[in-house]
Engineer: 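Before I ask anything, let me first share the structure, which is written out below as C-alpha cells.
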Protein chains: 2
Amino acid sequence: MASIREEITDKIRDELVAGNFRAGLALRESELAERFGVSRGPIRDAFLQLSQEGFLAYQVNKGVTVRHPLVGEDREFIASLRVQIELYIVDKGFNQITERGLNEVAESLRELELACQTGEVAKIAKADMAFHVSILQACGGDDHIQVWRQLCSRMLLTYTRLGNYEAIYQEHVDVYQALRSKMKDVALAAINSNIT
Amino acid sequence: MASIREEITDKIRDELVAGNFRAGLALRESELAERFGVSRGPIRDAFLQLSQEGFLAYQVNKGVTVRHPLVGEDREFIASLRVQIELYIVDKGFNQITERGLNEVAESLRELELACQTGEVAKIAKADMAFHVSILQACGGDDHIQVWRQLCSRMLLTYTRLGNYEAIYQEHVDVYQALRSKMKDVALAAINSNIT
DNA sequence: CTCTTTAGGCTTGTTAACAATTTACACCTT
DNA sequence: AAGGTGTAAATTGTTAACAAGCCTAAAGAG
C-alpha cells in the first residue's frame, strides 16, 4: 500500500520513460495536480524526487523542466558504473541468496516476459529494471540500490533496443539460471554482458 | 538567495555530517520544525531529499531514521566509483576549463584552507566536497554532479582523516596547480591519489 | 497468566489558502 | 522606435488545519 506521493511519482516517471514529455519542457504543478486529481503537495514531492533521480531539472521559484537523455559516451560511462555496482553486490552477496530470493527473481523474470510480449518499450524498461532490483535485493545490496537506481534512471530515457525483445528476455533468463544453479562466475559474466 | 527548503536541507545535512545524530535515530518532523522555526513542509522536503542523498532511510507513514555510515569494503567501493566519475569528467572537459573556472577552484581551495585551520571535521569535509564540485563544474560536468554528490554524501559520514589537515590541504593544492598549469595527466594522477 | 482487542495519543500524509517570486505585456519616457 | 518601468497574471513557496495511519498500553476474554 503506497502513498499518493509514490503513486504520482511512479505515474510521472512512467510517462517520462514512455517519452510523453519532450526534453526541455517545463512541467506545471497545477496542471498535473488537476490531471491526477490531487493537490499540489504530492506533485511537488514527486518533482523533487524525480529531480534527484535525474529525470527533471529543478530551479528555485521556476519549477522543473524535463532533462535531456544521456547519449553516446556519457551513456556508456554511466552504464559501466551501473554494471560495476551490480557485479560488486552479486559477487559479495552471492552466497546469501535464499530460495525465497530466487523465487522473487523468478517472478520478476515472468513479469519481464509478459512485458516483452506486449512490445511496449516503457513497460519493458520498467520490468527490466525491476528484475535487476530483485537480484540486488536477493544479494542483500539494499545499501547500494539507491545509487544504482539513480544511474539506471538516467539510462531509462534511452532504452533503445526496439525489436530485440526476445533477445532481452533470453539474456535475463541466462542470468536467472546461473543464479539458480549457484554458478557465481557464470552469473557475473551474464550480468556483465547484459547490455541495456 | 536560496529557499527555506534548501537552507533547512543544508543545516540538517551539516548536523548529520557533524555526527550530531547517531545512526538509527528517528527524526521527527515537528521537532525539527520547531527548532528551525518553520512549518513541517520544508522539513518534509528536506527529509525526502536527504533520503535520496543516502543520509536518511525513509519509510511511508513512519518517518525517517539516520542511516549507518559506510564502512570497510563498501566504502572503498563507493569511493572508487566517485573517483571514476571525477576522472571521467576532468578528462573529458579539461580543455574547456576557463580562467573564470580556475578562479572558482582557487576560491574553493582558499575556503578549504580556512576550514583546515579551524580543525572542525564537519567544516573540512564540506569544504573538501565543495572544492571537488568546483572542479567538476569547471569541466562542464553538471550532468553527472548529482550522481557524484550521492556517492560522496554516503562517504561524508565517515570522513576519517583526523589530524591530517595539512596533508589534506596539500593534496588539493597539488590538484589545483596541475589544473592551473594545464597539465592534464598530472591533474588526473593527483585526483586519483586524493584519498578521502 | 497470556493473548487479543480496542481506545487514545502521536506521527505522518494531504489539502487548500495565503505569501512571495517570476514573467509578460502594456505604458510611458526619451 | 528603443528602452526602461510598473502593474497584473501566473507560478512556485510556505503555512496551518485536517485526515489517515501507526504504536502503545490498558481492558477484557479465554
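Per chain, numbering begins at 1; letters A, B, ... match sequence-line order.
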Engineer: Using a 4.0 Å heavy-atom cut-off, does B:R44 contact any base of the nucleic acid, only the sugar-phosphate backbone, or nothing at all?
Structural biologist: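 Touches a base.
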
Engineer: Atom CD1 of A:I4 and atom P of C:dT12: how far apart are they, to the nearest Å?
Structural biologist: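 Taking atom P of C:dT12 as the reference, CD1 of A:I4 is at 18 Å.
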
Engineer: How long is the gap from CG on B:L48 to CZ on A:R44, to the nearest 0.5 Å?
Structural biologist: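 Going from CG on B:L48 over to CZ on A:R44, the span is 11.0 Å.
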
Engineer: Picking from B:E53, B:R75, B:R67, what satisfies side chain to side chain contact (heavy atoms under 4.5 Å, CB included) with B:R154?
Structural biologist: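 The single option meeting the side chain to side chain contact (heavy atoms under 4.5 Å, CB included) with B:R154 is B:R67.
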
Engineer: Strictly below 4.0 Å, N to O, side chains only: are B:E107 and B:R110 in salt-bridge contact?
Structural biologist: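 A salt bridge links B:E107 with B:R110.
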
Engineer: Tell me which nucleotide among D:dT12, D:dG13, C:dT15 gets nearest to the side chain of A:Y58.
Structural biologist: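 Closest of the options to the side chain of A:Y58: D:dG13.
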
Engineer: Which dot-bracket string fits DNA chain D when only Watson-Crick or G-U wobble pairs with both atom distances under 3.5 Å count, crossing pairs get [ ], and | stands for a partner on a different strand?
Structural biologist: ||||||||||||||||||||||||||||||

Engineer: Write down the distance between CD (B:Q59) and P (D:dC23), rounded to a whole number of angstrom.
Structural biologist: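 To the nearest whole Å, that distance equals 9 Å.
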
Engineer: Rounded to the nearest Å, what distance is computed from the CZ atom of residue A:F47 to the P atom of nucleotide D:dG13?
Structural biologist: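 One finds 11 Å between P of D:dG13 and CZ of A:F47, rounded.
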
Engineer: Are A:D74 and B:K92 ion-paired here, with the side-chain N under 4.0 Å from a carboxylate O?
Structural biologist: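 Counted as a salt bridge, because a side-chain N and a carboxylate O are separated by less than 4.0 Å.
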
Engineer: Measure the distance from CD on A:E29 to C1' on C:dT14 and round it to the nearest whole Å.
Structural biologist: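 Rounding to the nearest Å, CD of A:E29 and C1' of C:dT14 are 14 Å apart.
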
Engineer: Measure the distance from CD on A:E6 to C1' on C:dT14 and round it to the nearest whole Å.
Structural biologist: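 Rounded to the whole Å, the gap is 14 Å.
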
Engineer: Are A:L188 and A:N192 packed together at the side-chain level, in the sense that at least one heavy-atom pair is separated by less than 4.5 angstrom?
Structural biologist: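 No - every pair of side-chain heavy atoms lies 4.5 Å or more apart.
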
Engineer: If I take atom CZ in residue A:R40 and atom P in nucleotide C:dA16, what distance separates them, rounded to the nearest angstrom?
Structural biologist: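 After rounding, the gap between these two atoms is 12 Å.
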
Engineer: Would you kindly compare A:K62 and A:G41 by the position of their nearest DNA chain C nucleotide and give the one closer to the 5′ end?
Structural biologist: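 Nearer the 5' end of the strand: A:G41.
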
Engineer: Any base atoms under 4.0 Å from B:I43, or only sugar-phosphate, or nothing? Heavy atoms, all strands.
Structural biologist: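 If one applies the 4.0 Å heavy-atom cut-off, B:I43 turns out to touch nothing in the nucleic acid.
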
Engineer: Is there a donor-acceptor pair closer than 3.5 Å between any side-chain N or O of B:K184 and the backbone N or O of B:D91?
Structural biologist: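 Yes.
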
Engineer: Atom CG of A:L48 to atom P of D:dT12: distance rounded to whole Å?
Structural biologist: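 Whole-Å distance recorded here is 14 Å.
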
Engineer: Within the structure shown, what part of the strands sits under 4.0 Å from B:R28 by heavy-atom distance: base, sugar-phosphate, or nothing?
Structural biologist: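 The answer is sugar-phosphate, as B:R28 gets under 4.0 Å only of primed atoms, P, OP1 or OP2.
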
Engineer: In whole angstrom, what separates B:N61's CG from D:dC23's P?
Structural biologist: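 Spelled out: CG on B:N61 to P on D:dC23 is 9 Å.
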
Engineer: Have a look at B:R5 and say if it touches a base, only the backbone sugar-phosphate, or nothing, with a 4.0 Å heavy-atom cut-off.
Structural biologist: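 Sugar-phosphate: the residue B:R5, judged by heavy atoms under 4.0 Å, touches backbone atoms but no base.
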
Engineer: Taking the inter-plane angle between the rings of B:Y88 and A:F77 on a 0 to 90° scale, is it parallel (under 30°), tilted (30 to 60°) or perpendicular (over 60°)?
Structural biologist: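 Taking A:F77 first and then B:Y88, their aromatic rings lie parallel (interplane angle under 30°).
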
Engineer: Under 4.0 Å, heavy atoms only, any strand: does A:L27 hit a base, just the sugar-phosphate, or nothing?
Structural biologist: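 If one applies the 4.0 Å heavy-atom cut-off, A:L27 turns out to touch the sugar-phosphate alone, with no base involved.
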
